[in-house]
Amino acid sequence: CGICRDPARDATSGIWTREKGSLHGAAGGALNLPAHLTVPWRPTPDYDLSLLVIPGPGATEILLYLNRGGRSALVSVSPGPEAEFRCGTTTSELPGGVEPGKPLTLEVKVRASGVRAALGGRELEWKTDWPESPLGKSWGPPDPTLLGLGVRAGRAEFRGFTITEYPAER
């Protein structure tokens, strides 16, 4: 995850480390908080994002915090035998589930009209006019113009974080 160079600086909760080019997040610490990390990148209003996620033992939800002009959105994956994939308020089951250790490629497109996310052959679209942040102040990066990663419980590995930026949609 080349975009997150200093996890000790960018972590807002949980335990984050860099190992062999990967970023590892784990819920925990003294208060057993979910792991949240601010990605120090302020993207243009329209962008594509791609990353490889490997759920670890006990991971109950892997989170990707997005923004468009300071307005937030959330894409998440809940691993396990009855796995779910969420994009904004749109949810889909992942047939066959998601096993710990199984790599997942997550691809996201952020545009004025909403968010489109693809994972394991499933594509979800959340049409939105980007209202006030649905995440509240306790979730997402402290600076709402930045991106973020999270693990609600357990641990996960993140690799190959790439962003392609575009001029704003007209």
Side-chain angles (χ1 to χ4, degrees), residues 1-4 7 10-29 31-39 41 43 47-68 72-111 113-128 133-136 138-141 147-164:
C1 188
I3 210 160
C4 314
D10 299 329
T12 55
S13 63
I15 302 161
W16 291 89
T17 58
R18 280 184 67 71
E19 298 171 27
K20 300 179 184 172
S22 294
L23 187 64
H24 296 258
L31 300 175
N32 197 29
L33 295 172
H36 292 167
L37 179 115
T38 298
V39 176
W41 189 269
Y47 57 96
D48 294 348
L49 186 149
S50 175
L51 85 144
L52 182 77
V53 178
I54 303 172
T60 60
E61 189 171 23
I62 297 165
L63 310 159
L64 174 60
Y65 304 103
L66 308 168
N67 85 72
R68 187 173 197 282
S72 302
L74 178 67
V75 171
S76 68
V77 178
S78 297
E82 296 179 18
E84 286 188 336
F85 176 37
R86 287 180 213 77
C87 178
T89 58
T90 307
T91 302
S92 175
E93 292 181 7
L94 293 169
V98 173
E99 298 174 27
K102 178 183 177 184
L104 305 167
T105 299
L106 179 60
E107 296 175 332
V108 178
K109 295 178 183 300
V110 174
R111 302 292 186 272
S113 59
V115 179
R116 178 173 278 163
L119 175 76
R122 288 271 190 221
E123 191 169 291
L124 298 178
E125 186 170 13
W126 179 47
K127 298 250 185 218
T128 182
S133 173
L135 301 178
S138 63
W139 288 94
L147 304 174
L149 301 172
V151 181
R152 192 175 300 266
R155 61 183 62 242
E157 178 180 347
F158 301 87
R159 296 184 194 165
F161 195 109
T162 60
I163 296 176
T164 305

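We number each residue from 1, following the sequence as shown.
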Carefully, step by step, assess Y65 and L147 under the rule side-chain contact (heavy atoms from CB on, under 4.5 Å).
-> CA-CA 5 Å; Y65 304 103; L147 304 174; 6.0 Å; no

Passes side-chain contact (heavy atoms from CB on, under 4.5 Å), T164 versus Y47? Steps please.
-> CA-CA 6 Å; T164 305; Y47 57 96; over 6 Å; no

With sequence neighbours left out, what residues match T105 under side-chain hydrogen bond (donor to acceptor under 3.5 Å, both in side chains)?
-> none

Side chains of P43 and N67 in contact at under 4.5 Å (non-hydrogen atoms) | yes

For residues L23 and P7, report the shortest heavy-atom separation together with the two atoms involved.
-> CD1-CB, 3.9 Å

Between L49, L66, L63, which is the residue that forms a side-chain contact (heavy atoms from CB on, under 4.5 Å) with V75?
-> L66

Hey, what do you get for CD1 (I54) to CG (L104), rounding to the nearest 0.5 Å?
-> 8.5 Å

Can you tell me how far the CG atom of L119 sits from the CG atom of L124, to the nearest 0.5 Å?
-> 8.5 Å

Those residues at least two apart in sequence (or on a different chain) that pass side-chain contact (heavy atoms from CB on, under 4.5 Å) with P100 are none

NZ of K109 to OG of S50, rounded to nearest 0.5 Å, is 9.5 Å

Can you list the residues that meet the side-chain hydrogen bond (donor to acceptor under 3.5 Å, both in side chains) rule with K102, with sequence neighbours excluded?
-> none

Counting only N and O atoms by type, is there a donor-acceptor contact under 3.5 Å from the side chain of R152 to the main-chain atoms of A35?
-> no

Sorted by chain and number, sequence neighbours left out, side-chain contact (heavy atoms from CB on, under 4.5 Å) with T89 holds for W126

Closest non-hydrogen atoms of T128 and G114, given as atom of the first, atom of the second and distance, are CG2-CA, 3.7 Å

Residue pair V98 / P55, side-chain heavy-atom distance below 4.5 Å | yes

Does anything in residues 77-101 pair up under salt bridge (charged side-chain N to carboxylate O under 4.0 Å, His left out), and if so which pairs, sequence neighbours excluded?
-> E61-R86, E84-R86

Kindly give the heavy-atom pair with the smallest separation between R155 and A59, and that separation in Å.
-> O-CB, 3.4 Å

Calculate, to the nearest 0.5 Å, the distance between atoms CZ and CG belonging to F161 and L149 respectively.
-> 5.5 Å

With sequence neighbours excluded, what pairs up with A156 under the side-chain contact (heavy atoms from CB on, under 4.5 Å) test?
-> I62, V151, F158

For the pair W41 (side chain) and T38 (backbone), establish whether a donor and an acceptor sit closer than 3.5 Å, ignoring hydrogens and angles.
-> no

Is a side-chain donor or acceptor of S13 paired with a backbone partner of P34 at a separation under 3.5 angstrom?
-> yes

Partners meeting side-chain hydrogen bond (donor to acceptor under 3.5 Å, both in side chains) with T60 (sequence neighbours left out) | none

Distance in Å, T162 OG1 paired with D48 CG, rounded so as to fall on 0.5 Å steps | 9.0 Å

Quick one: list whatever passes salt bridge (charged side-chain N to carboxylate O under 4.0 Å, His left out) with E125, sequence neighbours left out.
-> R116, K127

So CD of E107 and CG of L51: to nearest 0.5 Å the spacing works out to 10.0 Å

